[in-house]
Amino acid sequence: MTPITEVEGRRLALTNLDKVLYPATGFTKGEVLHYYATVAEPLLAHLHDRPVSFLRYPDGPDGQVFFTKNVPPGTPDWVRTAEVPRTEGPARMVLVQDLPSLMWAANLVTEFHTPQWQVDAPGLADRIVFDLDPGAPATVVECCEVALWLRERLAVDGIEAYAKTSGSKGLHLLATVVRMPSSDVSAYARELAVEAERVLPALVTHRMTKSLRPGKVFVDHSQNAARKTTATPYTLRARSAPTVSAPVTWDEVASCGDPSGLVFHADDIAPRLHRHGDLLSPLLTPSP
């Protein structure tokens, strides 16, 4: 019989707690759930009012990995959902608004991905994001160089940027913007990506074409489109080890000389929160 756990008055069946999800480190599903309970406060703040796309990996990263955007079958009726417009017609998606909903979702074994807009204003972005993706032999070290340039360039336009690791190979830059159509934010982000390539031609490409990417950092501006999502801060990633999309300081970005210096695992996050707090908390305040 599956044990029932009560979370803030909600009854949850948390299953297969001893199942190893990350064979490289032996990290189990129970440890995944413990991690999400530990980081619930800042994670929930970044998930709040943003419809969630789940990238599920129930048998670990070496098993089947698939996106779920619609409300999954069997979702408890106390999990909040919302109707979201899509090109193919409206769809109902999950909002992870509280600890019981977070633990229910974590039990699905998933990454959390969210758009740059909130559910009360679909398609009106309140954030801008740049996904810096290195093409080998470039690494996150080169991403940091590009991030520092983008930070200064955004500051010229009065935008203060913050950084987090992707939890994979690269780096994400995020900032708040005054609510405006996602298409306008996308156009502005593309302009900056093109400018970055012009100023740093040996280091940057703004195009996804694979033949252009070896040794360069792809400044991916496309995740600003209303239909796109980005890995939510503090989500675990479906990698060989339980890496996290973790906020980092600009000092850490500026001093990065070794890719391993910006790899953070689940066990690293609680001490970082104790030391720094949520480095991305300024994103929770609307842009002036």
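If you read the sequence from its start, that first residue is 1, and numbering goes on from there.
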**Q.** Heavy-atom closest contact (Ala254 atom, Leu148 atom, distance)
**A.** CA-CD1, 3.9 Å
Q) So, for Pro115 and Thr229, which heavy atoms are closest and what is the spacing to 0.1 Å? A) N-CG2, 3.9 Å
Q) Considering only heavy atoms from C-beta outward, does the side chain of Val52 approach that of Thr114 to under 4.5 Å? A) yes
Q: Name the orientation class of the two ring planes belonging to Tyr234 and His46 (parallel below 30°, tilted from 30 to 60°, perpendicular beyond 60°).
A: tilted
Q: Measure the shortest side-chain to side-chain distance between Val244 and His265 over non-hydrogen atoms and say whether it is less than 4.5 angstrom.
A: no
Q. For the residue pair Leu21 and Pro61, what are the closest heavy atoms and their distance?
A. O-CD, 3.0 Å
Q: Might you work through the side-chain contact (heavy atoms from CB on, under 4.5 Å) test for Lys169 and Val140, ending with a clear yes or no?
A: CA-CA 6 Å; Lys169 300 178 295 180; Val140 73; over 6 Å; no
Q) For Thr235, does its backbone N or O pair with a side-chain atom of Thr232 as donor and acceptor, under 3.5 Å? A) no
**Q.** Same apolar cluster (I L V M F W Y, side chains within < 4.5 Å links), Phe27/Leu17
**A.** yes
Q. Are any side-chain N or O atoms of Ser255 and backbone N or O atoms of Asp251, one a donor and one an acceptor, separated by less than 3.5 Å?
A. yes
Q. Can Glu160 and Arg151 be said to form a salt bridge (charged side-chain N to carboxylate O under 4.0 Å, His left out), step by step?
A. CA-CA 7 Å; Glu160 186 170 1; Arg151 181 195 187 195; 5.5 Å; no
Q) Between Lys29 and Thr15, is any side-chain donor less than 3.5 angstrom from a side-chain acceptor? A) yes
Q) Heavy-atom distance under 4.5 Å between the side chains of Val94 and Val79, does that happen here? A) yes
Q | Asn107 (side chain) donor-acceptor with Trp104 (main chain) under 3.5 angstrom | A | no
Q: Would you mind checking if Arg80 and Asp49 are paired as a salt bridge, meaning a charged N to carboxylate O distance below 4.0 Å?
A: yes
Q. Does Arg11 CZ have over 12 foreign heavy atoms under 6.0 Å away?
A. no
Q.
Pair Trp117, Val84 - check side-chain contact (heavy atoms from CB on, under 4.5 Å), show working.
A. CA-CA 11 Å; Trp117 45 266; Val84 174; 3.5 Å; yes
Q. Are Val109 and Leu47 joined in one hydrophobic group, where the rule is that I, L, V, M, F, W and Y side chains link up if heavy atoms are under 4.5 Å apart?
A. yes
Q: Verify side-chain contact (heavy atoms from CB on, under 4.5 Å) between Arg190 and His206, making sure each step is shown before the conclusion.
A: CA-CA 8 Å; Arg190 185 183 187 281; His206 78 280; 3.7 Å; yes
Q.
Walk me through whether Tyr57 and Glu111 qualify under side-chain contact (heavy atoms from CB on, under 4.5 Å).
A. CA-CA 8 Å; Tyr57 53 110; Glu111 295 182 2; 4.1 Å; yes
Q. Rounded to the nearest 0.5 Å, how far apart are OG1 of Thr176 and CD1 of Ile159?
A. 8.0 Å
Q) Ignoring hydrogens and geometry, is there a side-chain-to-backbone donor-acceptor pair from Arg237 to Ser166 under 3.5 Å? A) yes
Q: Kindly compute the distance separating CZ (Arg50) from NE2 (His48), expressed to the nearest 0.5 Å.
A: 10.0 Å
Q) Out of curiosity, does Leu154 fall in the hydrophobic cluster containing Val146 (side-chain heavy atoms, cut-off under 4.5 Å, transitive links)? A) yes
Q: Apply salt bridge (charged side-chain N to carboxylate O under 4.0 Å, His left out) to Arg272 and Glu252, showing your working.
A: CA-CA 12 Å; Arg272 287 182 63 80; Glu252 288 175 311; 2.9 Å; yes
Q. Cluster question for you: counting only ILVMFWY and a side-chain heavy-atom cut-off of under 4.5 Å, with indirect links fine, are Leu99 and Leu14 together?
A. yes
**Q.** Trp250 side chain near Val253 side chain, heavy-atom distance below 4.5 Å
**A.** yes
(Q) Less than 4.0 angstrom from a charged side-chain N to a carboxylate O is my criterion; do Lys19 and Asp59 meet it? (A) yes
Q: Pick out which of Leu174, Leu173, Val177 makes a side chain to side chain contact (heavy atoms under 4.5 Å, CB included) with Ile128.
A: Val177
Q | Backbone N/O of Gly123 and side chain of Ser182: donor-acceptor pair under 3.5 Å | A | yes
Q. Side chain of Thr243, backbone of Ser168: donor and acceptor closer than 3.5 Å?
A. no
Q) Is it the case that Ser222 and Asp220 place a side-chain donor and acceptor less than 3.5 Å from each other? A) yes
Q) Just checking, Lys216 and Phe218: is the charged tip under 6.0 Å from the six-membered ring centre and within 45° of the axis? A) no
Q: Could you tell me the separation between the CD atom of Glu145 and the CG atom of Leu150, rounded to the nearest 0.5 Å?
A: 12.0 Å
(Q) Determine whether a donor-acceptor pair (N or O, by modelled atom type, separation under 3.5 Å) exists between the side chain of Ser245 and the backbone of Gly167. (A) no
Q: Using modelled atom types only, decide if a donor and an acceptor are shared between the side chain of Thr139 and the backbone of Val141 within a distance under 3.5 Å.
A: yes
Q: Enter the distance from Asp133:CG to Cys143:SG here, rounded to the nearest 0.5 Å.
A: 7.0 Å
Q.
So, applying side chain to side chain donor-acceptor pair (under 3.5 Å) with Thr230, which one of Lys164, His172, Gln116 is it?
A. Gln116
Q: Could you tell me whether the side chains of Gln223 and Asp131 share a donor-acceptor contact shorter than 3.5 Å?
A: yes
Q) Which atoms form the tightest heavy-atom contact between Pro72 and Thr75, and what is the distance? A) O-OG1, 2.6 Å
Q) Do Val248 and Tyr162 come close enough that some side-chain heavy atom pair is under 4.5 Å? A) no
Q.
With heavy-atom distances below 4.5 Å as the criterion, would you say the side chains of Leu12 and Ile4 are in contact?
A. no
Q: Find out if a path of hydrophobic residues (ILVMFWY) with successive side-chain heavy-atom gaps under 4.5 Å connects Phe67 to Val71.
A: yes
Q: Verify, without hydrogens or angle tests, whether Glu152 (side chain) and Trp149 (backbone) share a donor-acceptor contact under 3.5 angstrom.
A: no
(Q) Within a 6.0 Å radius of atom CG on Asp120, are there more than 12 heavy atoms belonging to other residues, nucleotides or ligands? (A) yes
**Q.** Straight-line distance of His276 NE2 to Asp278 CG, nearest 0.5 Å
**A.** 11.5 Å
Q | Side chain Thr81, main chain Met93, donor-acceptor under 3.5 Å | A | no
Q.
On a heavy-atom basis, which atom in Val185 and which in Ala125 lie closest, and how many Å separate them?
A. CG2-CB, 3.8 Å
Q: Report the distance from atom CG of Asp126 to atom CD of Gln118, rounding to the nearest 0.5 Å.
A: 4.5 Å
Q. Where do Ile269 and Ala246 come nearest, in terms of heavy atoms and distance?
A. CD1-CB, 3.8 Å
Q | Side chains of Arg86 and Lys69 in contact at under 4.5 Å (non-hydrogen atoms) | A | yes
Q: Could you tell me whether Arg239 sits above the aromatic face of Tyr22, with NZ or CZ closer than 6.0 angstrom to the six-membered ring centre and within 45 degrees of the axis?
A: no
**Q.** Passing option when Leu203 is tested against Leu200, Thr205, Val199 for side chain to side chain contact (heavy atoms under 4.5 Å, CB included)
**A.** Leu200
Q. Do Leu124 and Pro181 touch side chain to side chain, with heavy atoms closer than 4.5 Å?
A. yes
